[in-house]
Structures are given as C-alpha cells and as structure tokens.
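Because only heavy atoms are used, hydrogens play no part in the values below, and waters and symmetry mates are left out as well, while side chains stay in. A, B, ... follow the sequence lines: proteins, then strands. Residue 1 opens every chain.
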2 protein chains.
Amino acid sequence: MVNTRERILNISFQLFLQKNYKEVTLKEIVEKTGMSKGAFYHYFESKEQVFLECTNFVISSAMDVYKKISKNSLLEFYHDFLNHNNLEMFFPASENKDFHYQLNIFSLFFEGAKLFPSFQEKLVEITQMELNVWKEIVQLARQKGEIKSVMSDEQIAKMFLYSADGAGMHSIFSKGSIQQAQSSILQLWDSFYEEIKC
Amino acid sequence: MVNTRERILNISFQLFLQKNYKEVTLKEIVEKTGMSKGAFYHYFESKEQVFLECTNFVISSAMDVYKKISKNSLLEFYHDFLNHNNLEMFFPASENKDFHYQLNIFSLFFEGAKLFPSFQEKLVEITQMELNVWKEIVQLARQKGEIKSVMSDEQIAKMFLYSADGAGMHSIFSKGSIQQAQSSILQLWDSFYEEIKC
DNA sequence: GTATATAGACCGAACGGTTGGTATGTATTA
DNA sequence: TAATACATACCAACCGTTCGGTCTATATAC
C-alpha cells in the first residue's frame with residue numbers, strides 16, 4: 001500500500017509530465033490525490049519542493065537504467081536500452097488504464113533546469129555520463145569487430161542518443177503514443193546499425 | 001519604423017522563446033514594450049491571440065527557409081540549411097545586443113500544439129513536409145552518386161533531422177549558445193555525411 | 001479661419017477569478 | 001493523552017481582461 005507522501009509524489013509526477021510546472025495547480029494535485037491542501041503541506045514545504053523531488057526522481061531512474069542493461073554488444077545494448085527506457089515504467093500497472101495523456105519528459109527537463117540550478121547541473125552530468133557509456137559500448141563494438149565506421153566513437157554515440165531524442169520529440173508533436181515513438185526509434189537505430197555493422 | 005502592433009508581437013515572441021506561455025505575463029509584455037494593457041488590448045483580443053500569431057510566425061518562417069537553400073547536393077543543402085535555420089534571424093540586429101537569454105523553440109512548439117489544435121496540425125504538416133524535402137535531397141544525392149548507403153532515403157533524412165533536434169535540445173539543457181549548438185550539429189552531420197558519401 | 005465632431009491610439013484603475021500558502025480545527029492512531 | 005494526519009476557511013498576491021477616460025489628429029460645417 002503506497003503511503004500518502006508517495007501518492008502525492010506519484011500523482012504530481014504524472015501531472016508534471018502532462019503539463020508544465022505552472023499549469024499544474026495545487027488544487028488539481030489535491031483533487032487528484034483525493035486529499036486536502038492541509039495534508040499536502042503536512043508532507044511538503046511547497047509545490048516547488050514536490051517538483052524538485054520529481055525531477056530528481058527522473059534523474060536517478062535514468063541512471064538506474066544503465067545499470068541493468070546488457071553490454072555484450074551494441075545491438076543488444078540499444079535493444080535493451082529501449083526496452084527499459086520507457087516513461088510508463090514510472091507508473092504502477094494499476095494506474096496505467098487511466099493514463100491516455102501525452103507524456104513529455106522534455107518539458108520537465110527544461111523547466112527543472114530553469115528552476116533548479118542543482119538539477120541543471122545534474123542533468124548535464126547525466127547526459128555526459130550517458131554519452132560516455134554509449135561511447136564505451138561503441139568502442140567495444142568496434143574493437144570486437146562488430147561495427148566499422150569512419151565516424152568517431154563519440155559521433156556514433158551522439159547519433160544514437162540525439163536521434164532518439166529528436167524522434168521522441170517529433171512523436172510528441174504528432175501526439176503519438178510512447179510505443180509508436182519507441183518503434184520509430186528502433187527502426188532508425190536498426191537502420192543506422194545496418195550502415196555501420198561489419 | 002516598426003509599428004506598435006508588430007512591436008508587441010516581436011517582444012512577445014522573444015519572451016515566449018525564453019519562458020513558457022503562462023510564465024510570460026501581460027504585465028511583463030506591457031513593461032517591455034513600454035506601453036499599457038489598454039494599448040495591448042487595442043490591437044489584440046487576448047494574450048492567447050498573440051501567442052497564436054507567434055506560433056504561426058514560426059511555422060511560416062520555417063517554411064520560408066526551405067525556399068532559399070541550395071538543392072544542388074546534400075552537402076550544400078545541409079550546410080546552407082544550418083546557415084539559415086537560426087533563431088537569431090527572427091530578431092533585428094539592433095536588438096541582439098540585449099539578448100543573452102536561452103532560446104527554446106521546442107517549448108514553444110509543445111505549448112502551441114497543446115493550446116491550438118490548428119497549430120498542432122500545421123506543425124505535423126510542416127515536419128512531414130520537411131522530411132519529404134530531405135528525402136528528395138537524399139534520393140537525388142543517391143542517384144547522382146554523391147552518397148551510397150544501406151539506409152533508406154527516409155531513414156537517412158530522419159537521421160539528419162532528428163539528430164539535429166536532439167543536439168539542439170541538449171544544447172539547451174547545458175545552456176549553450178545557438179552558435180555552439182549549430183557547430184555541434186554541423187560536426188555530427190559532417191561525420192554522418194563522411195559515413196555515407198561515395 | 002475657427003469650432004465641433006469623430007476616430008484612433010493609448011492609459012491605468014478596477015474587476016472577477018485563481019493561485020500558493022497559512023492558520024486553525026478535527027479526526028485518527030498508538 | 002499526545003502526536004500525527006488530514007480538512008477547511010481564509011489570506012494576499014497575482015493574473016488576464018474590461019472599462020471609462022484622455023489625448024491627438026483629421027475631417028467637416030459654418
């Protein structure tokens with residue numbers, strides 16, 4: 001049974017993925033949780049504090065993803081990555097049925113970075129860490145003879161990461177589902193992989 | 001001499017590139033223009049109308065870009081594209097000196113698409129049109145023997161477009177300048193081009 | 001030429017509604 | 001009973017919008 005504090009966080013997080021910070025009102029958070037403002041302020045100092053915790057939650061979850069995916073080959077790596085890097089993973093299955101809205105992690109990043117310098121720093125760190133992980137995987141793949149390319153490890157890594165972000169963004173523009181976005185990204189990556197594999 | 005209506009639009013547009021819709025207040029628009037709320041409402045029905053006009057302005061400007069860039073080769077095309085596709089082009093040179101803020105076209109797109117179904121449709125149209133233009137250029141480049149790749153025209157086109165968007169977004173996360181973002185995109189594209197050229 | 005009427009440009013105070021937050025009270029739990 | 005969890009009423013500030021007003025330029029009538 002999830003406790004009250006976590007319930008507030010979960011629901012707030014869902015809302016922050018659907019609308020930007022200022023659009024999500026305390027009134028709405030309170031209504032969606034079925035609680036009261038008094039209860040909200042019992043657990044949290046401010047709306048801002050909730051938002052900060054949500055942004056930090058995203059960061060730590062993103063870091064966790066890299067801990068559990070296969071590093072045996074680039075091919076396995078990116079397939080595994082896509083299977084794990086999914087916004088729906090943040091929500092208990094029982095809540096998914098109520099959830100047909102457009103999720104936008106990018107807006108949350110932009111705003112978090114703007115509101116909290118500490119988050120911005122962490123975001124920069126984690127994107128750099130991400131790039132490094134991909135570079136290592138690419139380097140290994142190259143050494144093992146899995147891939148061959150005139151592109152540097154760094155540019156290949158960037159190509160994978162940035163194209164996925166761009167594809168994700170375009171999916172949001174066109175109101176596609178998360179599954180559609182992932183399918184599009186996979187197609188793109190498979191295609192690129194075909195280009196550089198030995 | 002720019003007239004009052006355009007002055008309000010220009011300044012509003014700059015603000016909407018720096019903050020999201022709800023963060024930009026009428027008070028601020030009015031202060032920045034040196035006018036009054038009454039004057040604002042003399043020209044515009046609502047804050048929302050101004051925002052809609054800003055979003056439509058972006059769309060038409062984006063379409064104009066494709067009209068003036070070279071289509072002789074993929075190499076020329078993407079270099080020319082980068083030279084023209086620059087947020088700073090929206091602002092008169094005399095105003096640039098006051099302008100050291102982070103510009104975020106993506107947030108403007110997300111919000112426009114959310115607030116205005118008509119804008120969302122146009123956005124989808126223009127991204128599709130964009131993709132088609134790039135596909136044609138890639139196809140031509142392939143036919144001319146400029147490039148050779150196992151990737152389909154569409155996937156190559158997507159790779160160029162989406163990687164640039166992703167790179168742009170990362171630049172915003174790390175508070176880089178527009179010039180830095182473009183330089184990063186060019187490096188990525190040059191690298192990819194090296195991979196697929198004959 | 002002068003007085004009057006009109007339109008447009010612009011102003012700032014007031015309006016009604018909403019917001020995040022605070023203070024106080026009540027219910028629940030150990 | 002005391003501590004914790006929660007509810008409700010209220011607050012001040014803020015928001016976008018409306019409204020009555022002023023100023024200036026121009027047109028018209030005499």
Please say yes or no: joined through hydrophobic side-chain contacts below 4.5 Å, possibly via intermediate residues, are A/L188 and B/V150 part of one cluster?
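Per the 4.5 Å side-chain linkage, A/L188 and B/V150 are not co-clustered.
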Hydrophobic clusters here meaning ILVMFWY residues chained together by side-chain heavy-atom distances under 4.5 Å, can you tell me if A/F192 and A/L140 are in one?
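In one cluster with A/F192: A/L140, no.
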Which whole-number value in Å describes the distance from [X] [atom1] to [N] [atom2]?
X	N	atom1	atom2	answer
B/I29	D/dT17	CD1	C1'	13 Å
A/E23	C/dT18	CD	C1'	14 Å
A/L26	C/dT22	CG	P	11 Å
B/N3	C/dC10	CG	C1'	14 Å
B/Y21	D/dC15	OH	P	13 Å
A/F44	D/dC6	CZ	C1'	14 Å
A/F40	C/dT19	CZ	P	14 Å
B/K47	D/dT18	NZ	C1'	17 Å

What verdict does the side-chain hydrogen bond (donor to acceptor under 3.5 Å, both in side chains) test give for A/Q18 and A/Q14, after you've listed the backbone C-alpha separation in whole Å, the side-chain angles of each residue and the deciding distance to 0.1 Å?
CA-CA 7 Å; A/Q18 295 167 47; A/Q14 290 176 42; 5.0 Å; no
Starting from the C-alpha separation in whole Å, work towards a yes-or-no answer on side-chain contact (heavy atoms from CB on, under 4.5 Å) for A/K22 and B/Y21.
CA-CA 10 Å; A/K22 228 166 147 77; B/Y21 176 69; over 6 Å; no
Give a yes or no on whether a donor-acceptor pair under 3.5 Å exists between the nucleobase atoms of C/dG20, that is its base, and the side chain of A/K37.
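Such a pair is found, so the answer is yes.
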Between A/K22 and A/Y43, which has a closest nucleotide on DNA chain D that is more 5'?
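Nearest-nucleotide comparison on DNA chain D picks A/Y43.
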Which is true for B/V24 with a 4.0 Å heavy-atom rule: it touches a base, it touches only sugar-phosphate, or it touches nothing?
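Sugar-phosphate: the residue B/V24, judged by heavy atoms under 4.0 Å, touches backbone atoms but no base.
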With respect to the side chain of [X], which nucleotide from [options] is positioned closest?
X	options	answer
B/T25	D/dA7, C/dG21, D/dG16	D/dG16
A/H42	D/dT4, C/dG20, D/dT17	D/dT4
A/A39	D/dT17, D/dC6, C/dC10	D/dC6
B/K27	D/dC15, C/dT19, D/dC6	D/dC15

Any B/T4 side-chain N or O less than 4.0 Å from OP1/OP2 of C/dC10:
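Yes, because at least one side-chain N or O of B/T4 sits under 4.0 Å from OP1 or OP2 of C/dC10.
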Under a 4.0 Å N-O cut-off, is there an ion pair linking A/K19 with A/E28?
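A/E28 and A/K19: salt-bridged.
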